[in-house]
Amino acid sequence: MKAVFAAWGRILTGYRPVLSIEITRECPLRCPGCYAYGDEHLGGGVTLRGLRDYKGQALVDGVMDVVDRHRPLHVSIVGGEPLVRYRELNVLLPTLSKRGIYVQLVTSAVREIPLQWRGLDRLSIVVSVDGLQPEHDARRAPATYARILKHVEGHKIDVHCTVTRQQTRVPGYLEEFVRFWSVQPATDTILMSLYTPQIDEISEERLDARDRQRVLADLRTIRSRYPKLLVPTGVLHAYANPPKSPQECLFARTTTSLSADLLTRITPCQFGGVPDCSNCGCMASAVLSAAARHRVLGVVPVGTLFNGSVRIGELVRAGRERRPAAQVADKRAE
């Protein structure tokens, strides 16, 4: 509850409580369906690999400057592959932890995760795994199962799987995946998203309506057997009834996403481009959508209060951003 009120305060003062940073343009993987390297991810004209990015102290200083300006409660560090910048993260992660900022690091675990990160307060390490070993290794080499299992030793991780159409073709596939990762010593939680396509996208990964229904039915059935699988009823409901547009998505409206140059904004949400919201499978969006349906004192939906707060915050932020521009104009007039 304390975190909810803190987020509310940030929103009302014109700050978005969540900051997502593509900390590097580099990645040794070439995963099919990766949205970050799509041609339209940054709106066309430039791609993630075409951006300037930073290394060393310049990256540390740049990220901390962004954090100082945006004042987030939660920072999501993505890529590219964040572990390419593990030396810089050795500085950034303890610094953010000392500031009381929650950090989620999303990685393929293609290289060893430094043991000095173990025990850092408010840090969660999320390892992306694309299905069972044969399919995953084919899609995500060199971040193979063997490397992941070796590199997560001594850590507690969240395993995250984005369900694609290929995984729906084999009965019992998802349960076999959950069973395997449930017994791994490093696994703390298993998270499931659904593949989110772009509008008019045609790909092997895209789920059709029957695929989505089958996945949700499977998750609803198996979750009681595997305590580490985190898919509450509200999240399943949100997957079945996603927000109709970014303007209706609390996650999109409360998150600032920046690419590797620490300037380029990824809009309208972390997927960039023109995401097909009717087929959204983003777990963060689903979690906030589920929370928005709860009613305060059984009367007012949380989403109604948050949407009103977001509108107020947007006006405050617009006024704050206009003031420096006006000051510059005044100085030029002098």
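Note that these values count all heavy atoms, side chains included, but never hydrogens, waters or copies made by symmetry. Bear in mind that the values here come from a model prediction, so they are computed numbers and not experimental data. Along the sequence shown, residues carry numbers from 1.
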Of all the heavy-atom pairs spanning [X] and [Y], show the shortest one and how long it is.
| X | Y | result |
| --- | --- | --- |
| R30 | C27 | NH1-O, 3.0 Å |
| F177 | L132 | CA-CD2, 3.6 Å |
| I190 | S182 | CD1-OG, 3.5 Å |
| L174 | M192 | CD2-CE, 4.4 Å |
| C269 | S257 | C-OG, 4.4 Å |
| Q198 | V274 | OE1-N, 2.6 Å |

Could you walk me through whether T144 and D137 pass the side chain to side chain donor-acceptor pair (under 3.5 Å) check? CA-CA 5 Å; T144 60; D137 286 2; 4.8 Å; no
With a 4.5 Å cut-off on side-chain heavy atoms, are [Y] and [X] touching?
| X | Y | value |
| --- | --- | --- |
| L42 | T47 | no |
| L19 | V67 | yes |
| R69 | V66 | yes |
| L258 | H70 | yes |
| V106 | S128 | yes |
| S20 | T256 | no |
| L207 | R165 | yes |
| I23 | L89 | yes |

Check the angle between the aromatic planes of F271 and Y35 and answer parallel, tilted or perpendicular using the 30° and 60° thresholds.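 The arrangement is perpendicular - the two ring planes meet at more than 60°.
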Between [X] and [Y], is any side-chain donor less than 3.5 angstrom from a side-chain acceptor?
| X | Y | value |
| --- | --- | --- |
| Y173 | E135 | yes |
| S97 | D121 | no |
| E201 | Y195 | yes |
| E112 | Y86 | no |

Treating [X] as the side-chain partner and [Y] as the backbone partner, does any N or O pair qualify as donor plus acceptor under 3.5 Å?
| X | Y | answer |
| --- | --- | --- |
| R206 | P197 | no |
| T196 | G281 | yes |
| T187 | W181 | yes |
| R25 | L51 | yes |
| S259 | D261 | no |
| K156 | P185 | yes |
| H41 | I266 | no |
| H136 | V129 | no |

Once rounded to the nearest 0.5 Å, what's the spacing between atom [atom1] of [X] and atom [atom2] of [Y]?
| X | Y | atom1 | atom2 | value |
| --- | --- | --- | --- | --- |
| R214 | D208 | CZ | CG | 7.5 Å |
| K150 | R111 | NZ | CZ | 11.0 Å |
| R122 | R99 | CZ | CZ | 13.0 Å |
| L230 | L219 | CG | CG | 11.5 Å |
| I21 | L92 | CD1 | CG | 8.5 Å |
| T264 | L48 | OG1 | CG | 10.0 Å |

Where do K244 and C277 land on the side-chain contact (heavy atoms from CB on, under 4.5 Å) test, with the steps shown first? CA-CA 6 Å; K244 295 181 176 61; C277 293; over 6 Å; no
Option from V110, D158, V152 for which side chain to side chain contact (heavy atoms under 4.5 Å, CB included) with V127 holds: V152
So if I apply the side chain to side chain contact (heavy atoms under 4.5 Å, CB included) rule between P242 and each of C249, S278, C280, which one comes out positive? C280
Would you check, one step at a time, whether the test side-chain contact (heavy atoms from CB on, under 4.5 Å) holds for T233 with R223? CA-CA 10 Å; T233 299; R223 61 180 176 163; 2.9 Å; yes
Identify whether L191 and Y226 are in the same connected component of the hydrophobic contact network (ILVMFWY, side-chain heavy atoms under 4.5 Å).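 In one cluster with L191: Y226, yes.
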Between V287 and V18, is there a shared hydrophobic cluster once you connect ILVMFWY residues whose side-chain heavy atoms come closer than 4.5 Å? no
Regarding E26 and R85, does a basic nitrogen lie under 4.0 Å from an acidic carboxylate oxygen?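 Salt bridge: yes.
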Check whether more than 12 heavy atoms from other residues, nucleotides or ligands sit under 6.0 Å from atom [atom1] of [X], and answer yes or no.
| X | atom1 | answer |
| --- | --- | --- |
| I202 | CD1 | no |
| D68 | CG | yes |
| R169 | CZ | yes |

Check step by step if side chain to side chain donor-acceptor pair (under 3.5 Å) holds for S108 and E81. CA-CA 7 Å; S108 67; E81 169 48 64; 2.7 Å; yes
Does V215 form a side-chain contact (heavy atoms from CB on, under 4.5 Å) with T168? I'd like the steps, not just the answer. CA-CA 7 Å; V215 170; T168 68; 3.5 Å; yes
Decide side-chain contact (heavy atoms from CB on, under 4.5 Å) for Q270 and S76; before the verdict, give the C-alpha distance in whole Å, the side-chain angles of both, and the deciding distance to 0.1 Å. CA-CA 10 Å; Q270 64 181 358; S76 180; 5.7 Å; no
Cation-pi, Y37 ring and R49 (6.0 angstrom, 45 degrees): yes
